[in-house]
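Take a look at the structure below.
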Amino acid sequence: MAGERRTVIVTGATSGLGLRCAGTIAANGPEWTALLAGRDRTRLAAAAQQIKARTGHRCPTLEVDLASLASIRAAADDCRRRLQAGELPPLHALIDNAGLQVHGPMRRTEDGFELTFGVNHLGTFLFTELVRPMLEAPARVVVVASGTHDPKDDGRIAPPLEVEARALALPSEDDARRISGMKRYTTSKLANILFAYELARRAPQISVAAFDPGPTPDTGLVRNAPAIIRKMLASRALRRLFRLVRVSLNTVEGSGDAMASLVLDENRWAASGRYYQAKNGRTTERRSSEVSYDAALAARLWQDSELLLSETSISRPPA
Ligand SMILES: NC(=O)c1ccc[n+]([C@@H]2O[C@H](COP(=O)([O-])OP(=O)(O)OC[C@H]3O[C@@H](n4cnc5c(N)ncnc54)[C@H](OP(=O)(O)O)[C@@H]3O)[C@@H](O)[C@H]2O)c1
């Protein structure tokens, strides 16, 4: 494949790790075209401008709001048309990076799903499934998860809930009040890993990786958190304390580049269904949480996700 032009879609490319990752891919040379996917046209133009200033390359953009199934479907149609028209080089990779944390009262997607699960899992699942038939061999999918999915790792503070798609997507009034935003987030990140491993099982022709960027405080992820938490995370004293207790904090550059390396370094494509973590400037393969390897749970999550999406009259992708 060396020398041939290829496209990689990076979702959530307007901010934080996705923006850094897409810029690093663009900086790597003309072989890869990073297609910047994001929900806001103005922010997409600003991201493309920033990458142009950093690398000299102009990246194409794709509008997609993962909180809207209609938008996801329209984005997939747009992408397919541009690939078929030769406006984009053949698609060989997808980085499912977009994600959010919701603090405060529960919010819903356009289609009525709880926002965290709706965007981080259901939106990502549908977008990947619609894009999957457009991927040409050899193909790579990277699903950005988080060490917070693991109660034995960064998930000590808010261990994930049981992964039951319907209860997470359409919570009862009581659950909506009772369950914290952080628990919804860690659960959605566990769903990301279950999805990545199930995709690797169902599509052996695709090389799939799940990725934990590690704690990286200087992105927009906690932008909606209470001011006190944002101030704490930005404080030098707390960062020193983290270092003292050996909790390593990553930089946006380090974790974004690590994400890019999972596509750019083709030696890593040989293994599929693996979990990688960025830590102390290194990207290493490691084990995810015990429950993330539950294949029956992953298969159920897949089926239930399809069912939830089909109930909204969005047609299924071709088998
Ligand atoms: N930072 C960390 O410590 C950390 C640790 C572990 C895992 N992660 C994961 O890393 C990924 C990137 O997060 P980040 O830290 O870089 O945060 P970020 O700066 O907030 O970036 C998140 C990106 O997702 C996009 N996004 C949010 N909602 C969307 C929607 N409805 N439709 C389409 N795009 C949407 C955002 O777009 P807008 O610009 O339009 O808001 C933004 O581009 C996430 O999956 C996160 O869970 C982060």
Side-chain angles (χ1 to χ4, degrees), residues 8 10-29 32 34 36-38 43 46-57 59 93 95-101 103 120 142-150 153-157 182 185-186 189 192-193 209-225 227-265 268 275-286 288:
V8 50
V10 182
T11 71
T14 48
S15 163
L17 301 173
L19 174 57
R20 173 69 193 188
C21 167
T24 298
I25 290 172
N28 192 58
W32 282 103
L36 313 181
R43 278 202 291 280
Q49 188 52 47
Q50 210 173 310
I51 292 174
K52 173 96 172 42
R54 178 182 160 205
T55 68
H57 294 283
C59 296
I95 302 182
D96 282 321
N97 159 75
L100 47 66
Q101 278 181 14
H103 299 269
N120 294 5
V142 177
V143 182
V144 178
S146 166
T148 61
H149 83 281
D150 187 349
D153 193 15
D154 296 335
R156 287 179 293 265
I157 299 167
M182 199 55 201
Y185 175 74
T186 59
K189 293 286 121 181
N192 285 155
I193 299 177
F211 174 62
D212 167 28
T216 315
D218 296 326
T219 70
L221 194 63
V222 293
R223 66 184 100 165
N224 299 317
I228 178 120
I229 295 190
R230 282 185 279 120
K231 265 198 184 140
M232 267 172 56
L233 283 171
S235 98
R236 287 219 190 116
L238 188 81
R239 290 182 184 202
R240 268 201 301 274
L241 182 70
F242 273 134
R243 273 199 295 276
L244 276 176
V245 295
R246 294 182 183 280
V247 174
S248 65
L249 295 179
N250 292 349
T251 62
V252 177
E253 293 75 17
S255 294
D257 291 356
M259 194 187 293
S261 77
L262 292 177
V263 164
L264 294 176
D265 179 358
R268 291 195 191 265
Y275 177 67
Y276 298 87
Q277 187 175 61
K279 206 171 199 171
N280 300 326
R282 295 186 60 218
T283 307
T284 45
E285 187 188 329
R286 50 167 291 164
S288 48

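This one's a predicted model, so the numbers in the text were calculated from it and none came from an experiment.
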- prompt: To the nearest 0.5 Å, how far apart are OG in S15 and CZ in R43?
  reply: 8.0 Å

message: Tell me the closest heavy-atom pair linking P213 and A145, and the distance in Å.
response: CD-O, 3.7 Å

task: Over all heavy atoms of both residues, which pair between F211 and A258 is shortest? Give the atoms and the distance, please.
output: CZ-CB, 3.9 Å

query: D212 versus R286: any side-chain heavy-atom pair under 4.5 Å?
result: no

task: Can you measure from CG (L264) to CE (M259) and round to the nearest 0.5 angstrom?
output: 12.0 Å

task: Return the minimal non-hydrogen interatomic distance between S288 and H149, and the atom names on each side.
output: CB-NE2, 3.5 Å

- request: Verify, without hydrogens or angle tests, whether N192 (side chain) and S146 (backbone) share a donor-acceptor contact under 3.5 angstrom.
  value: no

- request: Taking all heavy atoms of A47 and all of L19, pick out the closest pair and write down the distance.
  value: CB-CD1, 3.7 Å

message: Could you tell me if the side chain of T251 sits less than 4.5 Å from the side chain of D218, heavy atoms only?
response: no

Test item: I95 and I25 side chains (from C-beta on) under 4.5 Å apart, heavy atoms: yes

Donor-acceptor pair, side chain of T219 and main chain of L17, under 3.5 angstrom: no

query: Below 4.5 Å, heavy atoms only, C-beta onward: do Q50 and R20 meet side chain to side chain?
result: no

message: When you measure from the side chain of K279 to the backbone of N250, do you find a donor-acceptor pair of N or O atoms at a distance under 3.5 Å?
response: no

field: N97 side chain to G12 backbone, donor-acceptor under 3.5 Å
entry: yes

- prompt: When you measure from the side chain of N120 to the backbone N and O of L100, does any donor-acceptor pair fall under 3.5 Å?
  reply: yes

task: Write down the atom of R268, the atom of T283, and the distance for their closest heavy-atom approach.
output: NH2-O, 3.1 Å

Approximate separation, where rounding is to 0.5 Å, of H103 NE2 and M182 CE: 7.0 Å

query: Can you tell me how far CG of L36 sits from OG1 of T11, rounded to the nearest 0.5 angstrom?
result: 11.0 Å

message: I want to check something: taking the side chain as every heavy atom from C-beta on, are T148 and I157 in contact at a cut-off of under 4.5 Å?
response: no

field: Side chain proximity check, K189 to I193, heavy atoms < 4.5 angstrom
entry: no

message: Going by ring-ring contact (aromatic ring centres under 6.0 Å, His included), name the residues that satisfy it together with Y185, two or more places apart in sequence or in a different chain.
response: none

- prompt: Which atom pair, heavy atoms only, marks the closest approach of C59 to I51?
  reply: SG-CG2, 3.8 Å

